[in-house]
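If you're wondering where the values come from, they're calculated on a predicted model, not measured in any experiment.
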Amino acid sequence: MSEARLPEKGRNQEDILRELRAIAAQEDARWETGQISGSYYHAGKEHFGFLNQVYGLFSHVNILQRDVCPSGTKFEGEIVAMTARMLHGDAVKAPDEVVGVVTSGGSESIMLPMLAYREQARAAGIAAPEMIAPATAHPAFDKGAWYFGVKLVRVPVGADLLADVDAMRAQINANTVALVGSAGNYPYGLIDPLERLSSLAVERGIGMHVDGCYGGFMLPWLERLGYPIPPFDFRLPGVTSMSCDTHKWGYGPKGASVVLYRNRALRRRQYFTVSNWAGGLYASPTLAGSRSEGISAATWAAMVSLGEEGYLETARQIMAVADAIKAGAAAIPEIRIAGEPTFCIAFLSNSDKVDICHVNDYLTSKGWRMNGLQSPPGFHFCITRPQTVPGLAGKFLADLREAVAYAKTPPTEPSKSGAIYGGGLASVPPAMIAQFMCDHLDGMYAV
Ligand SMILES: Cc1ncc(COP(=O)(O)O)c(C=O)c1O
């Protein structure tokens with residue numbers, strides 16, 4: 001039932017629930033097959049049923065008002081502390097100390113440190129601060145640059161698709177406040193050369209943000225499982241801030257993430273206070289004002305109910321699928337996997353006889369939803385828990401082999417994915433693409 005204005009009389013609750021259950025069941029059926037890349041970081045219906053109970057206890061509570069909900073400090077303080085410990089905050093010695101805040105998601109956990117670095121720079125007399133990021137770093141860095149007036153210098157990645165440290169070094173100037181690296185990045189799931197970036201940051205006396213939104217809740221467990229993961233966290237002396245999403249592989253509800261800082265002074269830079277407002281003193285640590293405590297309570301509950309054992313076991317299951325897919329795909333000569341990924345696998349063309357976009361088109365026709373990549377064209381398959389359904393890797397590989405065969409003798413028309421990715425956009429003026437995307441966003445509020 002579509003509602004373009006408030007119903008005159010409230011609707012029957014059972015009726016509403018019936019309608020919503022039907023919608024939810026239909027939409028869940030799509031990702032429960034495991035045929036969707038990333039997007040759903042679902043740790044099972046039982047786990048989320050439990051989180052929903054926890055959410056219900058605190059959904060109505062405004063976590064900004066800590067005098068009436070001191071439990072908010074318990075939840076968020078412990079979420080930050082557990083995340084900091086997981087990312088080796090204990091390697092940092094006094095007077096530094098890893099601290100952080102809970103945010104609404106990865107984007108906010110990236111944007112807020114940009115604000116903090118800007119404020120730190122201004123205090124040091126730098127009026128036009130700049131940050132340097134590899135081309136693969138998430139668009140949230142561009143968003144933060146736009147919101148907070150920081151210049152983001154994007155540097156092309158090397159042939160290995162990793163941050164080009166020498167090229168980044170060449171961009172450092174007196175206005176540079178921080179470097180950016182990803183652990184791992186969204187397009188290819190690859191971990192940038194963070195040790196080298198860290199050394200560079202230390203050498204030049206600037207900050208360094210590691211975007212661990214993707215890897216923050218996976219890489220610690222992969223290390224323990226014996227995968228060769230280079231240091232990516234606060235063990236590196238140059239790392240001054242990190243973003244890490246509880247609402248991805250942390251298996252908490254959507255709407256939460258953590259940003260960590262190497263010291264309290266840097267965290268202070270993102271705080272907002274007004275002391276002379278008619279409504280009294282106002283202070284908020286993050287972008288939002290009022291927030292539901294339910295999200296933080298459920299995030300805390302997710303973390304303590306899974307524990308290290310739960311995260312390790314889920315990581316093991318995810319990697320069993322990812323490893324099977326990587327091994328099977330390596331035997332298909334016409335395509336190649338970008339770099340040496342862990343759980344997010346990007347497929348690129350290895351032959352001018354195969355347009356990777358045609359491969360993606362075929363997979364789409366078989367019910368798969370991959371994430372399209374451009375420059376170079378490709379797509380990635382990010383493995384989360386829903387992909388651990390039995391038989392998924394085998395089914396994907398069988399369809400991938402068929403997809404490559406299809407792409408060798410494709411229908412004459414250009415590939416559908418190629419119309420969007422893979423250079424298809426290169427000939428369209430950027431303003432026109434922006435217009436198209438904004439029209440799309442308008443459409444998200446259509447009734
Ligand atoms: C590497 C990386 N960083 C940041 C983000 C942004 O996270 P969010 O969508 O929660 O804002 C994402 C999202 O996929 C990501 O993959």
**Report entry** Closest approach of Leu197 to Ala163 (non-hydrogen atoms, all atoms of both residues)
**Finding:** CD1-CB, 4.4 Å
Query raised in the report: Would you call Pro231 and Leu194 a side-chain contact if the rule is heavy atoms closer than 4.5 Å?
Result: no
**Report entry** Asp245 side-chain N/O to Lys248 backbone N/O, donor-acceptor pair under 3.5 Å
**Finding:** no
Report task. Rounded to the nearest 0.5 Å, what's the gap from SG on Cys382 to OH on Tyr186? Could you check? Result -> 8.0 Å
Report task. For Phe436, look at atom CZ and say whether over 12 heavy atoms of other residues, nucleotides or ligands are found less than 6.0 Å away. Result -> no
Report task. Compare all side-chain heavy atoms of Val389 with those of Thr33 and state whether any distance is below 4.5 angstrom. Result -> no
Query raised in the report: Pick one: which of Ser109, Ser243, Ser107 meets side chain to side chain donor-acceptor pair (under 3.5 Å) with Ser257?
Result: Ser109
Query raised in the report: Rounded to the nearest 0.5 Å, what separation is found between the CZ atom of Arg154 and the CD1 atom of Ile132?
Result: 12.5 Å
Report task. Run the numbers on Trp300 and Phe75 for ring pair (Phe, Tyr, Trp, His ring centres under 6.0 Å), then give the verdict. Result -> CA-CA 6 Å; Trp300 177 88; Phe75 298 139; 5.3 Å; yes
Query - 4.5 Å side-chain heavy-atom contact, Leu225 and Leu312 - result: yes
Query - salt bridge (Lys or Arg N to Asp or Glu O under 4.0 Å) pairs, two or more places apart, involving residues 182-199 - result: Asp166-Arg196
**Report entry** Glu32 with Lys45: basic N within carboxylate O range, under 4.0 Å
**Finding:** yes
Report task. Mark yes or no for whether Glu313, through its side chain, and Gly310, through its backbone, hold a donor-acceptor pair below 3.5 Å. Result -> no
Query - Note, Ile295 side chain near His247 side chain (heavy atom, < 4.5 Å) - result: no
Query raised in the report: Does the Gln387 side chain pair with the main chain of Ile36, one donor and one acceptor, at a distance under 3.5 Å?
Result: yes
Query raised in the report: Do Glu27 and Arg30 sit within salt-bridge range, that is, some charged N less than 4.0 Å from a carboxylate O?
Result: no
Query raised in the report: Is Glu340 atom CD crowded by more than 12 heavy atoms from other residues, nucleotides or ligands, each under 6.0 Å away?
Result: no
Query - Under 3.5 Å donor-acceptor, Asn360 side chain and Leu363 backbone - result: no
Query raised in the report: In Å, rounded to the nearest 0.5 Å, how long is the span from CD1 of Ile383 to CD1 of Ile345?
Result: 5.0 Å
Query - Minimal non-hydrogen separation, Pro187 against Thr136, with atom names - result: CD-O, 3.5 Å
**Report entry** 4.5 Å side-chain heavy-atom contact, Leu200 and Met208
**Finding:** no
Query - Minimum-distance pair of heavy atoms, taken over all atoms of Leu348 and Gly378 - result: CD2-CA, 4.1 Å
Report task. Please test Met242 against Phe232 for side chain to side chain contact (heavy atoms under 4.5 Å, CB included), starting from the C-alpha separation and ending with a verdict. Result -> CA-CA 10 Å; Met242 261 193 98; Phe232 59 92; 4.2 Å; yes
Report task. Check each of Val239, Val80, Leu260 against Val98 using the side-chain contact (heavy atoms from CB on, under 4.5 Å) test, and report the only one that passes. Result -> Leu260
Query - Neighbour count >12 (heavy atoms, 6.0 Å) for atom NZ, Lys151 - result: no
Requested in this report: Quick one: pull up CG in Asp442 and CE in Met437 and give me the separation to the nearest 0.5 Å.
Outcome: 13.0 Å
Query raised in the report: Would Tyr271 and Val101 count as a side chain to side chain contact (heavy atoms under 4.5 Å, CB included) if you check the C-alpha gap in whole Å, the side-chain angles of each, and the deciding distance to 0.1 Å?
Result: CA-CA 10 Å; Tyr271 288 171; Val101 300; 4.2 Å; yes
Query - Under 3.5 Å: donor-acceptor pair, side chain of His88, backbone of Asp90 - result: no
Requested in this report: Determine, stepwise, if the pair Met86 / Trp221 fulfils side chain to side chain contact (heavy atoms under 4.5 Å, CB included).
Outcome: CA-CA 9 Å; Met86 181 181 76; Trp221 318 120; 3.5 Å; yes
Query raised in the report: Among Val61, Leu57, Leu64, whose side-chain contact (heavy atoms from CB on, under 4.5 Å) with Glu293 holds?
Result: Val61
Requested in this report: Identify whether the distance between the nearest side-chain nitrogen and carboxylate oxygen of Arg291 and Glu108 falls below 4.0 Å.
Outcome: no
Query raised in the report: After noting the C-alpha distance and the side-chain angles of Ser182 and His138, does the key distance pass the side chain to side chain contact (heavy atoms under 4.5 Å, CB included) rule?
Result: CA-CA 8 Å; Ser182 304; His138 194 270; over 6 Å; no
Query raised in the report: Do the side chains of Arg118 and Met114 get nearer than 4.5 Å, heavy atoms only?
Result: no
Report task. Take atom NZ of Lys326 as the centre, draw a 6.0 Å sphere, and report whether it contains more than 12 heavy atoms from other residues, nucleotides or ligands. Result -> yes
Query - Over 12 foreign heavy atoms within 6.0 Å of CZ, Arg66 - result: yes
Query raised in the report: Between CG of Leu219 and OG1 of Thr342, what distance do you get to the nearest 0.5 Å?
Result: 6.0 Å
**Report entry** Ile63 vs Phe58 side-chain heavy atoms within contact, under 4.5 Å
**Finding:** no
Query raised in the report: What about Phe217 and Tyr311, are their ring centers closer than 6.0 Å?
Result: yes
Query raised in the report: So Tyr251 and His47, would you call those rings parallel, tilted or perpendicular, with 30° and 60° as cut-offs?
Result: perpendicular
Query raised in the report: Is there side-chain contact between Thr299 and Val102, with at least one heavy-atom pair below 4.5 Å?
Result: no
Query - Six-ring centre of Tyr227, Arg224 cation under 6.0 angstrom, axis tolerance 45° - result: no
Requested in this report: Over 60° means perpendicular and under 30° means parallel, so classify the ring planes of Phe396 and Phe381, tilted if in between.
Outcome: tilted
**Report entry** Side-chain donor/acceptor of Ser198 to backbone N/O of Gly238, under 3.5 Å
**Finding:** yes
Requested in this report: With sequence neighbours excluded, tell me which residues meet ring-ring contact (aromatic ring centres under 6.0 Å, His included) with Phe234.
Outcome: none
Report summary line: Minimal heavy-atom distance between Pro134 and Val157, with the atoms involved, is CB-CG1, 4.0 Å
